[in-house]
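Working notes, structure below.
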Amino acid sequence: MSVILAIESSCDDTSAAVLRDDRILSNVIASQKVHEQYGGVVPELASRAHQQNIVPVVDAALRQGGVGRDEIDAIAFTRGPGLLGSLLVGVSFAKGMAQALGKPLIEVNHLQGHVLSHFIKEADDSEVPTFPFVCLLVSGGHTQILLLRSHFDIEVLGQTIDDAAGEAIDKAAKIMDLGYPGGPIIDRLAQQGNADAFHFATPHIAGYDYSFSGLKTSFLYFLRDKLVQEPDFIEQHKADLCASIQKCIVDFLIKKMEKAVVASGARQVAIAGGVSANSLLRQRLQEMGQRHRWKTFIPKFQYCTDNAAMVGIAGYFKYLKGEFADISLPPYAR
Ligand code: KG4
Ligand code: ZN
């Protein structure tokens, strides 16, 4: 039995979680509202908000988990990638607490955390993937098709050559002035829209790689031309625009992933990261699984966007291997 306290502070969510082995006891997330008015994350404000949130968030995670400080066996923290100032807050806090308690530290790669979130166990004992499986990792900063042969043997089959899928969605929302982060807003508005109302082309990229930066430009030019004739165009076609751009991005994601999975020979597929909360992507993954008789794994909503539970589960697997981190380790941005 091991109790792990996990800390995540790589971007704009301050989160702490407590796990007993692979079972989640608590997962507390403080999202930072301060960035909304700027239409994106402001790094300096993010690190300040982390500093305000970290103590109450860790405190709440321990309380909700019913665990005392003296019961903690190790402290896992996100070392990178992410915003350096944000990471520093979580990393310094983890080091301080580990030193005070005389407990070991475990460093976790944020992306590995997203992917391993499928192994978080809850009271309901839901099924977890078996190796090998392919996971599409889609977040605000990353888009990768990964083949997992074990928890830590991960091969990148394909990835974006420029923007991440979440970035493209957020930019589309920004162009339409819908608010930040755009993903959940586009997802919601798209429910009432016709996804075939407008067609946006995706680029032809070799192999299993993606590209999303051109899509943003074509979307921008399309709207510019329309707005010249109809100033209310966006307002009147908001739902259709959201549904169409969402479908374009999701279809592109799934098409490439499907090719990569077939070539890999894996028979289990998963999605992870903030964009895996998208309802159309979740539906399309299910459909793809049914077409091929692949087993599909879709994370619960609370484990899609940034959270410390995923850091805790990755930390747990490292704990089992005895992989501890030196207290002098600095965070890394990339
Ligand atoms: O994993 P995450 O919380 O942070 C990063 O590590 O980047 O992902 C954030 C991204 C944002 O781009 C956000 O718009 C997107 O996930 N997102 C969604 C949805 N919920 C969050 N995108 C599409 N549909 C959603 N429902
Ligand atoms: Zn993330």
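Order of listing sets the numbers, starting from 1, for every ligand and every atom in it.
- Close N/O approach between I169 and ligand 1 is not found [any backbone or side-chain N/O within under 3.5 Å].
- Some N or O of D187 is nearer than 3.5 Å to an N or O of ligand 1, by distance alone.
- Some N or O of H114 is nearer than 3.5 Å to an N or O of ligand 1, by distance alone.
- Using modelled atom types and a 3.5 Å distance limit, the side chains of S279 and D187 yield a donor-acceptor pair.
- Between R291 and E287 no salt bridge is recorded (no basic side-chain N to carboxylate O distance below 4.0 Å).
- Proximity of H110 to ligand 1 is established by a heavy-atom distance of less than 4.0 Å.
- Of the N or O atoms in D13, none lie within a sub-3.5 Å distance of an N or O in ligand 1.
- Note on ligand 1: G141 sits in its first shell, one or more heavy atoms being nearer than 4.0 Å.
- Side chain to side chain, H151 and Q112 fail the donor-acceptor criterion of an N or O pair below 3.5 Å.
- Side-chain contact of H237 with D232: a donor-acceptor pair under 3.5 Å is absent, judged by distance alone.
- By the 3.5 Å distance cut-off applied to N or O atoms, D170 is counted among the residues near ligand 1.
- Under a 4.0 Å heavy-atom criterion, H142 is not in contact with ligand 1.
- Here H114 meets the criterion, with an N, O or S atom under 2.8 Å of the Zn ion (ligand 2).
- In this structure a side-chain-to-backbone donor-acceptor pair under 3.5 Å is missing from R284 to K255.
- In terms of polar-atom proximity, G273 is not counted as a contact of ligand 1, lacking any N or O under 3.5 Å from an N or O of the ligand.
- Sorting the N, O or S atoms of H110 by how far they are from the Zn ion (ligand 2) puts NE2 first.
- Not a single N or O atom of P181, backbone or side chain, sits closer than 3.5 Å to an N or O atom of ligand 1.
- The closest side-chain donor-acceptor pair between Y332 and N109 falls under 3.5 angstrom.
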